[in-house]
Structure formats: structure tokens, C-alpha cells
Amino acid sequence: MVDTDSGWDGRGGRGQSGARGTRGGHAADAIPDGRVAAPDRRAALPDSRAAAPDRRAALPGRRVAAVSLVALAALATGCEPGTATGAQDASPPVRATQAAAPTAPVTEEDAKPRTAPPPSPSASTAPPAPAPDPTTARPAPEPSTAPPPRVLMRTGSESDRVRELQARLRQIGHFGRNPTGYYGSVTADAVRSFQAKRSLPVTGSTDEVTWQRLLAMTRVPTAAELRPPTERPVAAPDERCLKGRVLCISKNSRTLAWMIDGRVVSAMDVRFGSEYTPTREGVFEVFWKSRDHVSTLYDTPMPYALFFSGGQAVHYSADFAANGYGGASHGCVNVRDKKKVAALFDQVRTGDKVVVYW
């Protein structure tokens, strides 16, 4: 096939007519903007490609030249996208990974790692507090290995020393009863009260420290203080008890005082009837004495009975001696000290006064 537009006859030479569409001028004159037309690369193609369909038949001559020029510009820039104004006007685009050029040359100092900037004048110039050295940290205090004070008396103890403890506590107002020699709940409460007031460990038991502190604050108890006649202090006598021979019985202190003309001859612990069988109060007289009496109503022994109001009498009670104030009588005045009530029975006469009061 012979390309009549280019003047190529298929034998590698130009036709007589020369370049396409020239009228006495150069082929570059036919390209707008003064751009030189790209050389015809088809001259280097082998003859076998001459049979390829001619695409330029569908394009105007000037457009084919412009397309060829754009293709050459793309090859010159390494296949990077360029501008549409021509190869010679397009500059290589800056790669996205290329950093902007520095505005000042890099010196030797700039190449070194920079240190932290100095603190501003307003910042504190005090050096930071040094971290505690784990090797010099103060060790935690070890628990005391001293043994606790030895306990001398505790709940359940019974001895003359307990009696002395109670007497000494009573001297300074911590024990409100007469000594009994038995370390019960009342004594433990008194010891706690003493320990708390003296800033001692409040245990209720009497250890060596508590005992020595108590000894330093009190005196040696007298015989009367160690062995008083009643568990509780005898109450101040009612004025009706101050004259004559009187059995002065206080429900408040739970004591009986045998008095002659205002003087206490003997005293003893007593208990009274329950809520349902109360002991009557008032002024009475002893109207009958029965040494080995047995109750006909309750069939119980009432030794050394001194009757003063109907079936109510002052007498010894084995139950009171065994169980204390945990029980009650059926209205009589019970005495738990058998020797004392026996001696009282011998001294009291029929007609002597009996005063029961609060």
C-alpha cells in the first residue's frame, strides 16, 4: 500500500512531491505555534507492518502531528503525567515523597541531635526532688516482741487477793459493793473502769501493771473493809430505826441491820419476794419466833423464822445461800448467812420493831 499523504512509496524514499501539503515552504510551517513536527517513526518499521490499517485516514493531518508530539514528550519525562502545552514547556513534577528544599544550609551543629531547650525564666529553677533510694529507705518498725504482762486475777478467780482487789477498788470509787473474794462480772467491770481512767489496756483482767498501779494509789484495807457483814454497803438507816430495838431492812441496799438505839449490832444480806408475792413495807413487830419452822403453804424449811406480818418472816434460806439473787422468796425476808441469822434469832425478842423501807 502506498501512503499518498506522506509521499512514502514503500521503498524507503520520498516522492517527488516532498512533504505533505507544502507550497514552497518547510514541513514545520504546517504545524501551529511554530512547533517542529516529530520525525516519522514509521520509516523504521519493517515492511510487514505496512499492512496495518491506516488510522491517520480518520484524523486530520495537523492532529496526527500534535498527537505524535505529545507521545514524544511523555517518553522524555519517564511516563510521568505532564502538561498539555508541549514537551519543552513542561517541567518535571515534584514527587510527593520529596521534601521541600531547606531555606538555609545545614551546618555541623544542625546535624547533631538537638538537646531540650533551656527552661524559660518564669519556670522554677529548683532541682527536682531526688527519688528515694530503695537501699536507704527506712524499714518498717518490727512488732514488739515483749511478752504481755502476766495476768494475776481474772473472771472466775476466788482468793483473798481478789478480796483485797475489791477493797482497794472500793476505796477509790470503782467497786460499789463489799468484798466477797470472788472475781465475777461486777469485779471485771470495776477493773475495766479503773484501767480506762488510767489509760491502761482495758481487758477486765488484773495483770501485773494494773495491780501495781492500784497498789500505788490505795492503802492496805482494814479487816472490816476486807470482810464487811454484807455484800453491799449497809444503807443509811431510816429515821424510824434510830430508837429502840429494831430490825432495819432496806430494799434498796438489800441489807438487814440489827440496831439498838441507833447503833448497828450486826448486818446481813437479804432478798425479798417476787413481783407476784412482794414483801410488804412499813413498820411491824415480831409476833412469833419459830426455830425449826416448815412452811405449811409451800412445804419448805424456814429455820430461825421471825414472823412480823401474817405469814411473812425473816428466816434462813438455803436457796438464797446457793443461788444468790437469781431467785426470790414468796414474800419473806431471806437471809443467806446461817450463822448470822441464828445469832439474830437468839437476840431478837417478841415485840421488837421491824421497819421495811426503800
Side-chain angles (χ1 to χ4, degrees), residues 163 166-167 169-171 173-182 184-187 189-190 221-275 277-286 302-309 312-349 352-358:
R163 188 180 294 275
Q166 294 167 336
L169 288 172
R170 184 178 177 184
Q171 289 177 9
H174 287 280
F175 192 72
R177 299 184 181 184
N178 290 332
T180 62
Y182 178 75
S185 59
V186 175
T187 304
D189 289 341
T222 64
E225 289 175 334
L226 289 172
R227 299 184 182 276
T230 58
E231 179 180 328
R232 293 187 177 186
V234 178
D238 186 272
E239 60 180 7
R240 295 170 292 182
C241 301
L242 298 178
K243 295 181 179 180
R245 298 163 59 90
V246 184
L247 293 173
C248 195
I249 303 170
S250 170
K251 284 188 172 182
N252 185 36
S253 65
R254 295 186 290 191
T255 59
L256 182 154
W258 166 232
M259 302 181 65
I260 299 177
D261 296 330
R263 179 178 63 89
V264 177
V265 177
S266 64
M268 57 203 74
D269 295 322
V270 293
R271 75 176 183 182
F272 307 98
S274 67
E275 179 183 359
T277 56
T279 302
R280 290 184 283 271
E281 302 163 17
V283 179
F284 311 94
E285 291 184 357
V286 176
M302 298 172 56
Y304 308 109
L306 301 170
F307 289 92
F308 63 89
S309 177
Q312 295 184 353
V314 175
H315 67 87
Y316 171 74
S317 170
D319 180 76
F320 183 27
N323 301 316
Y325 290 100
S329 72
H330 293 101
C332 291
V333 178
N334 292 162
V335 180
R336 63 178 173 185
D337 192 322
K338 194 172 185 177
K339 291 183 178 180
K340 286 186 176 181
V341 73
L344 180 66
F345 183 85
D346 292 338
Q347 296 176 34
V348 173
R349 306 169 186 169
D352 289 342
K353 188 187 300 185
V354 177
V355 178
V356 181
Y357 67 101
W358 278 101

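All values derive from a computational prediction rather than experimental measurement.
Contact annotation: the side chain of S266 never approaches that of K340 to less than 4.5 Å [non-hydrogen atoms, C-beta and beyond]. A 4.5 Å side-chain heavy-atom check between F272 and R254 finds at least one atom pair inside the cut-off. Contact annotation: the side chain of C332 approaches that of H315 to within less than 4.5 Å [non-hydrogen atoms, C-beta and beyond]. Looking at V354 and I249, their side chains come closer than 4.5 Å, going by heavy atoms from C-beta outward. Side-chain contact check for E281 versus Y357: every heavy-atom pair is 4.5 Å or farther apart. Here the side chains of Q171 and L169 are not in contact, with every heavy-atom distance at 4.5 Å or above. In this structure the side chain of V356 reaches within 4.5 angstrom of the side chain of K251, judged on heavy atoms. In this structure, V186 and R177 have side chains that are in contact, with non-hydrogen atoms separated by less than 4.5 Å.
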**Asked** Which is it for K353 and V283 under the side chain to side chain contact (heavy atoms under 4.5 Å, CB included) test, yes or no, and what are the steps along the way?
**Response** CA-CA 7 Å; K353 188 187 300 185; V283 179; 3.9 Å; yes
**Request:** Show your working on side chain to side chain contact (heavy atoms under 4.5 Å, CB included) between L256 and L344 and close with a plain yes or no.
**Result:** CA-CA 11 Å; L256 182 154; L344 180 66; 4.1 Å; yes
**Request:** Check the pair R336 / E231 against side chain to side chain contact (heavy atoms under 4.5 Å, CB included), numbers first and verdict last.
**Result:** CA-CA 11 Å; R336 63 178 173 185; E231 179 180 328; 2.5 Å; yes
**Message:** Go through it in stages, so that I can follow the logic: the residues are R271 and D319, the test is salt bridge (charged side-chain N to carboxylate O under 4.0 Å, His left out), and I'd like the CA-CA distance, side-chain angles, deciding distance and then a yes or no.
**Reply:** CA-CA 11 Å; R271 75 176 183 182; D319 180 76; 2.7 Å; yes
**Asked** When you look at V286 and L247, which way does the side chain to side chain contact (heavy atoms under 4.5 Å, CB included) test go after all the steps?
**Response** CA-CA 9 Å; V286 176; L247 293 173; 4.2 Å; yes
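Within the 3.5 Å criterion, the main-chain N or O of G331 finds a donor-acceptor partner in the side chain of T279. At least one donor-acceptor pair closer than 3.5 Å links the side chain of D352 to the backbone N or O of R349. Within the 3.5 Å criterion, the main-chain N or O of T180 finds a donor-acceptor partner in the side chain of R163.
Q312 and P278 get closest at one heavy-atom pair: NE2-O, 3.1 Å. Nearest heavy-atom pair, T255 versus P233, reported as atom, atom and distance to 0.1 Å: CG2-O, 4.1 Å. Between D269 and Y325, the closest heavy-atom pair is CB-OH, 3.8 Å. Annotation for W358 and N252: closest pair CE3-N, 3.8 Å, computed over non-hydrogen atoms. Contact detail for S329 and N334: the closest heavy-atom pair is CB-OD1, 3.2 Å. Shortest non-hydrogen contact noted between T222 and E225 is N-OE1, 2.9 Å.
The salt bridge (Lys or Arg N to Asp or Glu O under 4.0 Å) test applied to D261 returns no partner, not counting sequence neighbours. Judged as a side chain to side chain contact (heavy atoms under 4.5 Å, CB included), and not counting sequence neighbours, the contacts of I260 are R245, W258, V265.
To the nearest 0.5 Å, atoms CG (L306) and CZ (F284) are separated by 14.5 Å. Atom-to-atom distance recorded for S317:OG and K338:NZ is 11.5 Å, nearest 0.5 angstrom.
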Without placing hydrogens or testing angles, list every side-chain donor-acceptor pair under 3.5 Å for residues 235-244, not counting sequence neighbours.
unit_1: D238; atom_1: OD1; unit_2: R240; atom_2: N; d: 2.9
unit_1: D238; atom_1: OD1; unit_2: R240; atom_2: NE; d: 2.8

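Residues R232 and S253 have side chains that never bring a donor and an acceptor to within less than 3.5 angstrom of each other. Under 3.5 Å, the side chains of T187 and Q166 contain a donor-acceptor pair of N or O atoms.
For Y316 and F345, the ring centers sit 6.0 Å or farther from each other.
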